[in-house]
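One structure is given here, and the rest of the page talks about it.
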Amino acid sequence: MGGELRYQVGQNAYIKLVLHALKHKTSAVNGVLLGRLSGGDTNPVVEITDSVPLFHSQIGLLPPLEIALIQIEDYYGAQGLNIVGYYHANERFDDFELGNVAKNVGDHIHRYFPQSAVLLLDNKKLAALPKGKDGSPVMQLYTREVSRTWKLVESDGSSQLISKDWLNPELFK
Amino acid sequence: MVTKTEEAQVNRLENQVDNGGGGDWEYLCLVRKLKLRRSDKVLKHGLSILNEPKKRSSLGPDEWTLYEQVAVAAMDCQCLDVAKDCIKILQKKFPESKRVGRLEAMLLEAKGSWAEAEKAYTSLLEDNPFDQVIHKRRAAMAKAQGNISGAIEWLNKYLEIFMADNDAWRELAEIYVSLQMFKQAAFCYEELILSQPMTPLYHLAYADVLYTLGGLENLQTAKKYFASTIDLTGGKNTRALLGICLCTFAIGQLTKGRNKEDKENSDLQSLVATALEKDYKQRAPTKLSLLSSTLKSLKLSS
């Protein structure tokens with residue numbers, strides 16, 4: 001592999017997952033990230049172009065997760081997109097740890113897409129969003145190491161993220 | 001726990017109130033009765049009644065109940081000044097009241113002063129050892145501080161005394177699921193099914209947990225509980241129908257070569273598939289092709 005693998009989060013994907021988290025403030029939420037790997041060997045980029053919210057309760061249970069994944073793969077596969085990752089927001093305000101459930105789902109997705117990413121949302125930054133002051137991304141990115149652990153990736157700010165423009169204060173009244 | 005009709009009623013009222021169509025008091029009463037957690041709406045609409053002297057006096061003695069409801073909602077939304085004001089007013093009206101004392105302790109909890117809140121709750125419990133709300137606040141505090149095992153301990157102690165509290169069993173089950181302790185979660189759902197056998201939600205959750213646990217016996221039991229959910233809901237529960245498909249597929253994977261139950265299985269499968277197709281045609285016709293391919297991938301290899 002020539003260049004280092006980069007991750008790009010598209011606007012639609014980002015907006016959907018933030019709105020999902022904000023809609024269910026009192027519970028954990030999760031969903032999948034869809035996109036594709038592009039750029040070839042010299043400049044590999046995982047483009048996360050869309051996201052699909054999954055659950056906001058009983059997150060650890062298999063049956064709903066399996067059905068959802070089958071249907072999502074089917075639908076988006078027809079559009080040429082793969083499941084490239086998973087996002088998760090914890091129930092508690094100050095819980096910023098990647099829990100076991102998130103790791104397990106991440107592992108499962110990793111089996112089908114080795115460059116998969118896990119996004120863990122920062123609840124404190126999410127709460128500060130309606131005030132519109134902080135334009136930095138509300139999450140941390142984890143990728144899977146060879147040692148089978150999920151490692152935090154430093155954001156170098158060059159990801160294609162949103163500026164403050166789309167923050168519509170009426171949306172978050 | 002709410003039924004679908006109750007939820008629809010609340011949502012309709014909420015919409016009405018949000019758009020200025022009146023009915024705020026009715027909405028607040030319903031939320032209080034059903035013990036729903038809609039703190040931002042309760043805060044907004046409750047305050048609008050309390051801040052208008054005419055509306056407030058027309059409530060009569062219910063005014064104090066509203067102050068209590070708004071105080072709790074304010075604490076949930078972290079508007080601690082509003083909560084403090086409400087509690088002060090209640091203190092003036094009912095000095096020495098244990099119920100107000102409980103609110104004061106909750107305010108300490110909302111502020112994050114865990115040790116002081118713990119002290120307050122303990123002293124309140126000395127006078128009234130059977131106050132269920134306070135017992136549960138202790139479990140809530142442990143959970144809020146991230147001490148999940150402490151929360152489990154408190155909840156278990158609570159349930160030894162108050163074993164008929166279904167909400168507590170549900171909370172405990174959900175905590176176990178989040179920690180992937182599925183056997184213990186299954187136990188909680190078993191208690192719930194024993195106490196309320198006609199509630200489909202518990203059958204469905206139990207089946208979900210059993211499926212997640214895995215293993216042939218659990219899968220077969222899960223299938224039975226998905227089926228009982230379908231029975232109790234008159235066939236309207238899509239999750240249960242899909243659950244049966246998943247179970248049949250998984251059982252088939254585990255028992256390859258043994259065709260004892262094949263005929264029964266394929267009958268059940270086609271029934272379920274027909275029911276699902278009918279359901280989707282009615283409610284989500286655009287997703288019908290998606291459903292068909294899902295069913296295909298679950299049927300093909302069984």
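Residue numbering restarts at 1 for every chain, and letters A, B, ... go by the order of the sequence lines.
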Side-chain ion pair, B/Arg37 and B/Asp76, N-O less than 4.0 Å: yes

Does the plane of the ring in A/His88 sit parallel, tilted or perpendicular to the ring in A/Tyr86? Use 30° and 60° as the thresholds. tilted

Evaluate A/Ile70 against B/Ser297 for side-chain contact (heavy atoms from CB on, under 4.5 Å), listing each step before the verdict. CA-CA 9 Å; A/Ile70 293 179; B/Ser297 59; 3.8 Å; yes

Highest number of heavy-atom pairs under 4.5 Å with chain B: which of A/Leu62, A/Ile59, A/Val101? A/Leu62

Non-hydrogen atoms of chain B under 4.5 Å away: do they reach the side chain of A/Glu66, the backbone, both or neither? side chain

Yes or no on ring pair (Phe, Tyr, Trp, His ring centres under 6.0 Å) for B/Tyr189 and B/Tyr202, after CA distance, side-chain angles and deciding distance? CA-CA 6 Å; B/Tyr189 284 121; B/Tyr202 302 147; 7.1 Å; no

With only heavy atoms counted, which part of B/Ala185 is less than 4.5 Å from chain A, the side chain, the backbone, both or neither? neither

If I measure from the heavy atoms of chain B, does A/Asn100 come under 4.5 Å with its side chain, its backbone, both, or neither? both

Check ion pair B/Arg239-B/Asp208 (N to O, under 4.0 angstrom): yes

Which answer fits A/Glu91, side chain, backbone, both or neither, if we ask what part of it has an atom under 4.5 Å from a heavy atom of chain B? side chain

Looking only at B/Val209, B/Thr212, B/Val177, most heavy-atom pairs under 4.5 Å shared with chain A are made by B/Thr212

Under 4.5 Å from a heavy atom of chain A, the part of B/Ser293 involved: both

Do the side chains of B/Glu171 and B/Lys143 get close enough for a salt bridge, i.e. N-O under 4.0 angstrom? yes

Select one option (side chain, backbone, both, neither) describing which atoms of B/Leu246 are under 4.5 Å from chain A's heavy atoms. side chain

